[in-house]
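Computation of the quantities below employed the complete heavy-atom set of this structure, encompassing side-chain atoms and omitting hydrogens, waters and symmetry-equivalent molecules. Since the model is a prediction, treat every value here as computed from it, not as a measurement.
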Amino acid sequence: MADEDEARIVITNADIAAAKRDWQLARSRGELPDRVDAAYDLYRRLISAQAQQIADTFRATGALRSDQG
């Protein structure tokens, strides 16, 4: 479906790094456990989504994007 490709969001290493910093900052500040858990969950989900994107890209092209992996 063409609309799926047009609406796809690319998760970069910078996105992963920002989510990790947010999670670590929430932990170090002693924020509420729900906030720390939410930040960690976002970080984990971004890693998983990027891994899937990398696999999809590699299967389709045999190469990786320079801002992933």
Side-chain atoms of residues 15-27: list all donor-acceptor pairs with protein atoms under 3.5 Å, sequence neighbours left out, distances to 0.1 Å.
residue	atom	partner	partner atom	Å
Asp15	OD2	Thr12	N	2.8
Asp15	OD2	Thr12	OG1	3.2
Asp22	OD1	Arg35	NH2	2.8
Asp22	OD2	Arg35	NH1	3.4
Asp22	OD2	Arg35	NH2	3.1

Between side-chain atoms of residues 41-49 and protein atoms elsewhere (two or more places apart, or another chain), which donor-acceptor pairs fall under 3.5 Å?
residue	atom	partner	partner atom	Å
Asp41	OD1	Arg44	NH2	2.5

>> Among residues at least two apart in sequence or on other chains, which ones pass salt bridge (Lys or Arg N to Asp or Glu O under 4.0 Å) with Asp37?
In response: none
> In chain order, what residues pass the side-chain hydrogen bond (donor to acceptor under 3.5 Å, both in side chains) check against Arg59, with sequence neighbours excluded?
Replying inline: Asp56
> What do the steps show when you test Gln50 against Val10 for side-chain contact (heavy atoms from CB on, under 4.5 Å), and what is the final call?
Replying inline: CA-CA 8 Å; Gln50 187 191 45; Val10 175; over 6 Å; no
